[in-house]
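What follows is one structure encoded as structure tokens, with my remarks underneath.
Convention: sequence-line order gives letters A, B, ...; per-chain numbering from 1. Values in this document were obtained by computation on a predicted structure and should not be read as measured data.
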There are 2 protein chains.
Amino acid sequence: MDSGAGRRAEPTMRDVAALARVSAKTVSRVINEQPGVGPEAIERVRAAARTLGYRPNLTASSLRRSDKRSATIGVLFEDLSNPFDSALLRAVEDRARQSGVLVLAGSSEDDPTLQRELLASLASRRVDGMVVMAVGGHQDALQQERERGTPMVLVDRPPTFGETDSVTTTNRESAREAVMQLAELGHRDIAFLGDRQTLWTSHERYTGYLEGLAHSGLKLRKDLVCTDLKGPDVAEQATEVLLDLPEPPTALFTAQNLVTVGAMRALRSRRLHHRIAQIGFDDFPLADMLEPGITVVRQDVPGLGRKAADLIFARIENEHLPPVHAVIPATLIRRGSGEIPPAT
Amino acid sequence: MDSGAGRRAEPTMRDVAALARVSAKTVSRVINEQPGVGPEAIERVRAAARTLGYRPNLTASSLRRSDKRSATIGVLFEDLSNPFDSALLRAVEDRARQSGVLVLAGSSEDDPTLQRELLASLASRRVDGMVVMAVGGHQDALQQERERGTPMVLVDRPPTFGETDSVTTTNRESAREAVMQLAELGHRDIAFLGDRQTLWTSHERYTGYLEGLAHSGLKLRKDLVCTDLKGPDVAEQATEVLLDLPEPPTALFTAQNLVTVGAMRALRSRRLHHRIAQIGFDDFPLADMLEPGITVVRQDVPGLGRKAADLIFARIENEHLPPVHAVIPATLIRRGSGEIPPAT
DNA sequence: GCGCACTACGTCAACGTTGACTCAGGAGGA
DNA sequence: TCCTCCTGAGTCAACGTTGACGTAGTGCGC
């Protein structure tokens with residue numbers, strides 16, 4: 001093992017060239033499988049590279065190449081430890097690997113400052129493109145980056161500016177569908193519990209809720225609407241409040257993952273989970289193992305990721321394609337909690 | 001918006017220098033906050049950089065710098081969409097961000113070939129260090145990489161070769177503790193269900209199981225040991241087989257996440273989940289919301305990640321530190337399923 | 001008034017690679 | 001025989017940045 005010498009110097013093309021008794025350029029040709037090299041020279045170079053353990057320096061290569069490609073893309077999501085985000089990352093990674101591209105990943109924590117810094121950080125490393133889950137609020141930093149010509153795809157939330165690809169879910173339509181299913185079962189007092197309204201997805205799902213009520217001929221009860229619930233604890237408390245109303249809801253539409261969990265806790269602690277219906281937006285592991293199983297709107301997360309990756313690579317290949325706004329359908333998964341009729 | 005011109009050329013130091021009427025070197029000094037530049041020159045450079053939207057090219061910088069640092073580390077885990085892996089990634093990312101370092105992430109899928117390719121891919125990008133979850137089997141590729149002098153930290157599984165840092169969990173000790181708790185409740189027929197035995201963690205947990213039995217004065221029943229269960233479905237079937245034995249187990253120790261879930265399914269489908277005790281290794285979301293709550297050994301995943309990141313940065317700073325093998329304690333979380341006494 | 005230290009720059013080359021170009025030698029045609 | 005074309009190389013410079021070194025100008029002590 002390395003005893004005292006510190007990090008070894010990596011062999012360069014010149015080292016390989018010297019050993020193979022050719023010029024560096026010939027080594028470059030062999031490495032990049034370009035024509036114009038005789039078979040025995042190729043063999044000598046290959047052998048020399050092998051004995052030296054040569055590995056091309058992509059840094060230098062990307063600096064010099066005319067296309068400036070770094071074979072690296074940036075992924076900027078809200079929180080990489082969130083299952084939704086990490087499933088998305090994995091899907092992007094799988095697609096990227098097919099093109100020999102690696103992924104630089106970062107969490108923006110829904111913080112505009114952090115997003116801006118990470119964006120600059122990615123730009124400094126000259127990534128070929130970026131897949132971004134935009135933070136709520138204004139998207140100035142993203143727009144600026146895009147206007148510099150950086151290939152960019154937004155996932156989960158669409159751009160508020162032009163000429164940029166995006167991939168989203170049928171938030172509104174699926175929320176509407178969920179609410180209509182509850183209404184068809186006879187529910188008339190359906191509560192809405194949602195995440196921060198600055199998030200486009202939250203707002204869309206709320207709109208879908210309103211549409212679902214309208215389509216079913218139900219009136220909106222504003223006292224049954226709770227938004228801006230950050231995290232399961234806040235959602236749990238909000239649910240408690242709803243349940244304490246003189247006319248409590250008979251069904252809950254929980255428009256986000258963590259909100260769903262918070263509401264579930266509240267129902268359980270009052271032993272109402274078999275009496276009050278609940279449909280959540282976003283599937284989660286073990287939702288089928290609870291009692292009752294939790295009915296959810298499931299997003300096609302791998303589908304979202306694949307599409308986002310396809311779009312970013314297409315965009316990298318050809319800057320002049322018209323922008324695409326892909327919408328991936330979500331599915332209602334009936335497991336029991338969403339099929340509870342109202343108590344008579 | 002960019003109409004037809006393709007990707008804009010990024011401004012360089014020379015562009016900034018020309019606008020600020022200084023040399024490129026002075027721009028470099030200002031950007032890197034090195035001394036030797038007068039206040040008004042600094043201001044001119046800053047202003048020029050701002051108007052041009054200049055962003056340093058880290059690629060070129062890393063090529064030229066004497067330390068060759070790329071301010072990027074590689075993370076090579078088994079499956080980034082796995083909650084354990086993604087929580088680990090997030091912890092590493094947070095620590096890296098403090099040092100202005102970005103993370104190149106990849107999934108090795110426990111495939112030696114893929115791991116080797118990704119390793120080479122990271123090396124080609126000249127990452128400053130790597131945090132690796134080694135695939136099962138031989139670690140030749142990792143050892144070679146390490147012997148070239150690449151700073152490396154192994155997580156979750158220790159190296160089979162020398163001079164390399166690692167961070168692991170108290171797999172054996174915590175497994176032993178779990179089994180001893182079951183024994184203290186009076187269980188004498190405790191089954192072991194585990195993942196692939198080529199994985200070091202699986203083997204350690206199995207050893208802990210054996211130690212737990214021995215410490216409690218229990219004899220090993222080999223018919224109650226199921227290993228190499230890949231995924232929840234296989235685990236579910238294995239559990240069914242155990243339950244069909246003439247003398248079925250009264251308690252299960254499920255030594256991995258997905259195995260735990262599979263066993264839970266089997267118990268539930270037979271309505272035995274309130275009668276047969278179960279302790280799982282690895283916590284998972286909603287484990288507390290099931291009935292009964294699932295008792296688990298919880299690894300300190302953020303702790304593991306933080307430690308791994310600390311070690312890799314220390315190693316990058318100083319190649320000559322003695323290798324560290326950190327062990328992060330896991331905790332038994334009692335939720336009910338592990339506290340069920342044997343049926344009399 | 002001279003030397004010396006110090007500050008605030010500038011010049012040059014090089015990091016490892018590749019695009020553009022050159023060149024020697026042999027094949028093939030007029 | 002001479003000229004052209006093709007193949008298999010090599011040479012050179014440049015990508016954007018920074019380390020090493022050079023230098024003009026100022027201040028200060030003696």
What nucleic acid atoms does [X] come within less than 4.0 Å of, heavy atoms only: base, sugar-phosphate, or nothing?
X	value
B:Val27	nothing
B:Gly36	base
B:Pro35	nothing

Closer than 4.0 angstrom, basic N to acidic O: yes or no for [X] and [Y]?
X	Y	result
A:Arg69	A:Glu317	yes
B:Glu109	A:Arg90	yes
A:Glu10	A:Arg55	yes

Counting side-chain heavy atoms from C-beta on, which of [options] comes nearest to [X]?
X	options	result
A:Arg14	D:dT17, C:dC15, D:dG19	C:dC15
B:Lys68	D:dT17, C:dT17, C:dC15	C:dC15
B:Ala60	D:dT17, D:dG19, D:dG10	D:dT17
A:Ser23	C:dG10, D:dG10, D:dG16	D:dG10
A:Thr26	C:dT18, D:dT17, D:dG10	D:dG10
B:Arg29	C:dC9, D:dG19, C:dT17	C:dC9

Within less than 4.0 Å of OP1 or OP2 of [N], is there a side-chain N or O belonging to [X]?
X	N	result
A:Asn32	C:dT18	yes
B:Ser28	D:dT17	no
B:Arg64	C:dA14	no

Would you kindly give the [atom1]-to-[atom2] distance between [X] and [N], to the nearest whole Å?
X	N	atom1	atom2	value
A:Arg21	D:dA9	CZ	C1'	14 Å
A:Met13	C:dC15	CE	P	15 Å
A:Lys25	C:dT18	NZ	P	7 Å
A:Asn57	D:dG16	CG	P	16 Å
A:Arg55	C:dT17	CZ	P	12 Å
A:Arg69	C:dT17	CZ	P	20 Å
B:Ile31	D:dG16	CD1	P	15 Å
B:Glu40	C:dT7	CD	C1'	12 Å

Whichever of B:Arg44 and A:Ser61 has the more 5' nearest nucleotide on DNA chain C, that residue is B:Arg44
Could you check A:Arg65 against B:Val37 and say which one's nearest nucleotide on DNA chain C is further toward the 5' end? B:Val37
Under 3.5 Å: donor-acceptor pair, side chain of B:Ser81, backbone of A:Ser86: no
Distance only, no hydrogens: is a donor on one side chain within 3.5 Å (strictly under) of an acceptor on the other, for B:Arg125 and A:Thr72? yes
Minimum heavy-atom separation for A:Val324 to A:Asp165, with atom names? N-OD1, 2.7 Å
